[in-house]
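What follows is one structure encoded as structure tokens, with my remarks underneath.
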Amino acid sequence: MKDKYILALDQGTTSSRAILFDRQGNIVSSAQKEFRQIYPQPGWVEHDPQEIWSTQVGVAAEASTNVGLNGTSIAAIGITNQRETTIVWDRETGKAIYNAIVWQDRRTAAFCDQLKADGLAETIRAKTGLLVDSYFSGTKIRWILKNVDGAQALADQGRLLFGTVDTWLVWNMTRGKMHLTDVSNASRTMLFNIHTMQWDDELLEIMGVPRSMLPEVRSSSEVYGHTEVSGFGSEIPIAGIAGDQQAALFGQMCTQPGMVKNTYGTGCFMVMNTGNKPIISKNNLLTTVAWKIGNEVSYALEGSIFIGGAVVQWLRDGLGIIKTSSEVEALARSVKSSDGVYLVPAFAGLGAPHWNPHARGTIFGVTRGTTAAHYARAALDSIAYQTMDVLKAMEADAGIVIPELRVDGGATANNLLMQFQSDILGVDVVRPKVTETTALGAAYLAGLAVGYWSSTADVQGQWQLDQRFKPALPAAEVQSGIKGWQRAIAAATVWADS
Ligand SMILES: Nc1ncnc2c1ncn2[C@@H]1O[C@H](COP(=O)(O)OP(=O)(O)O)[C@@H](O)[C@H]1O
Ligand SMILES: O=P(O)(O)OC[C@H](O)CO
């Protein structure tokens, strides 16, 4: 039984997941638990760090016991996580001093406006590859230091630690022995120079973040340490870390420059491997670190869409027109089209390529004949249209025509959405058999570090096609749909800015 499986921990925005993979990259067992989303004010989103940790340990134990395993059968653990989400804790008590401020949270939008007004956008972009936006961790750390009672004093005493979710998990898994992150997560903080691959003093100064709070930055595939807590069985090497979108790029085996994947989870994240050179976008995309394996750094271009599958959750929880996310497909299929209804789901502002933190959700084209089914259809359409906007920006930046789009994530189960995506893009949309590619990527990174797999080439052949969606909608319908979407985006922007 020894060294039979790799355990991937996938700490996502809405749930913690644990998946055991075998040497062929098959899922042997998995467990998942949702946790609370906390919305203290409009535009604010928080998680309880303790709940992140307890759900993650819980599902790890469940995935193992489901198949009668103990820790001795696990060769290594790979961690992948919702990125940018910011946790600050006291190194002496091990307790977070505030809730995790989630990547979707907009509370620092005014400070970001100030940074732009101060002319710092170019400096920040040149060093980090990022646009100034409240999405990233740096301004969230600053908010905690300025707004949580006693935080600044504790930071001055060197007692506070910052971490993205990977760092928080590793700290807890090693009983506070390790305070580290990997390059892909570091590149989402707005504090990390993606050229020198170091924390940047000028950026730390701008955000008012003391260096003593920051984790050590390591590669994405190496043995960082071993588990020391129950729930994981005996001491298991923690051997892979990557932000979830970068992990999905790896899990989709987009290891060559020019290869692209789009993940349809809470948000949608399109990422293109650009090889060992960072491409600075001219079309409002992000430049980010994909991973570091050995001494080799790979970079990527990314288009981040804040609301993807979450629009379906809103139909379920906000409007109550479906009971489960999967019901949306049948409801949307019950009408031939949205009949001119457009939904711009800017619930947390607009991300790439529009970047408007003040935008909010808007619905256009509602008539007396509009039904819940049209809303469902418009919601799915909005996921596809947002993806189209990003893909066009990416093609322009990279100077290539993207031949096919590899897809993964919860919402790719929706065949209507996948077909419409292909129709609107005019390219093949390709869904693999294992759509848990985020977890798979983390498993690969960990397995490579401990020799479970010998090289990337060893796992390259494991990618298998489930379904290929080919463009089928007549061009005139595609064009009129796109035109309507562009009008909707323009109108939503006017609403936000007026
Ligand atoms: N059949 C479906 N059609 C559309 N969206 C779906 C469907 N099933 C799940 N989703 C959406 O996918 C998201 C969950 O995907 P997942 O990859 O687990 O996300 P995350 O990792 O962000 O938590 C949810 O927002 C959910 O509403
Ligand atoms: O939790 P997910 O899968 O929606 O991913 C969140 C992203 O990492 C945010 O940048």
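Atoms within a ligand are numbered from 1 in the order they appear, just like the ligands themselves.
- Under a 4.0 Å criterion applied to the non-hydrogen atoms of Val328, ligand 1 contributes the atoms 3 (N), 4 (C).
- Regarding atom 23 (O) of ligand 1, its nearest protein heavy-atom neighbour is Thr14 OG1, 2.7 Å.
- For atom 20 (P) of ligand 1, the closest non-hydrogen atom on the protein side is Thr266 OG1, 3.6 Å.
- Crowding of Lys33 atom NZ: a count of heavy atoms from other residues, nucleotides or ligands under 6.0 Å not exceeding 12.
- In this structure, Trp168 has its ring center at least 6.0 angstrom away from the ring center of Trp53.
- Distances between N or O atoms of Ser15 and those of ligand 1 include no value under 3.5 Å.
- Residue Ser325 has at least one nitrogen or oxygen atom sitting less than 3.5 Å from a nitrogen or oxygen atom of ligand 1, judged on distance alone.
- Considering backbone and side-chain N/O atoms, Gly309 comes within less than 3.5 Å of an N/O atom of ligand 1.
- For a threshold of 3.5 Å applied to N or O pairs, the pair formed by Ser326 and ligand 1 contains no separation below that value.
- Side-chain contact check for Leu286 versus Trp355: some heavy-atom pair is nearer than 4.5 Å.
- Seen from the ring of Trp103, Arg188 does not count as a face-on cation partner, given the 6.0 Å and 45° thresholds.
- For atom 3 (N) of ligand 1, the nearest protein heavy atom (residue, atom name, distance) is Asn414 ND2, 3.0 Å.
- No more than 12 heavy atoms of other residues, nucleotides or ligands lie within 6.0 Å of OH in Tyr375, so this atom counts as exposed by the packing criterion.
- A heavy-atom separation below 4.0 Å is found between Arg17 and ligand 1.
- For a heavy-atom separation below 4.0 Å, the residues in contact with ligand 2 are Gly12, Thr13, Gln82, Arg83, Glu84, Trp103, Tyr135, Asp244, Gln245, Thr266, Gly267, Phe269.
- When ring centroids are compared, Trp89 and Phe162 stay outside the 6.0 Å threshold.
- Within the set Gly308, Ala413, Gly267, Gly265, the minimum heavy-atom distance to atom 19 (O) of ligand 1 is found for Gly265.
- A salt bridge is defined here as a Lys NZ or Arg NE, NH1 or NH2 lying under 4.0 Å from an Asp or Glu carboxylate O, and Asp48 with Arg36 meets this definition.
- With respect to Lys433 and Asp466, no salt bridge is recorded, no charged nitrogen being found less than 4.0 Å from a carboxylate O.
- Across the listed options Ala330, Gly12, Ala379, Gly410, Gly410 owns the non-hydrogen atom lying nearest to atom 16 (P) of ligand 1.
- Nearest protein neighbour of atom 5 (N) of ligand 1, counting heavy atoms only, is Ala411 CB, 3.4 Å.
- Counting heavy atoms closer than 4.0 Å to ligand 1, residue Ala310 contributes backbone atoms (N, CA, C, O) but none from C-beta onward.
- Remark: among candidates Arg316, Gln313, Glu436, the nearest residue to atom 24 (C) of ligand 1 is Gln313, based on non-hydrogen atoms.
- Remark: Arg17 does not engage Glu34 in a salt bridge, criterion side-chain N to carboxylate O under 4.0 Å.
- For ligand 1 and Gly409, the ligand atoms under 4.0 Å from any heavy atom of the residue are 17 (O).
- Under the side chain to side chain donor-acceptor pair (under 3.5 Å) rule, Tyr135 has a single partner from Lys140, Arg106, Arg83, Gln104, which is Arg83.
- Looking only at atom types and distance, the side chain of Gln252 has a donor-acceptor partner in the side chain of Asp408 under 3.5 Å away.
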One pair to check against ring pair (Phe, Tyr, Trp, His ring centres under 6.0 Å): Trp291 and Phe250. What are the steps and the verdict? CA-CA 9 Å; Trp291 48 73; Phe250 200 71; 4.9 Å; yes

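- Both cation-pi conditions hold for Arg142 and Phe111: the charged atom is under 6.0 angstrom from the six-membered ring centre and inside a 45 degree cone around its axis.
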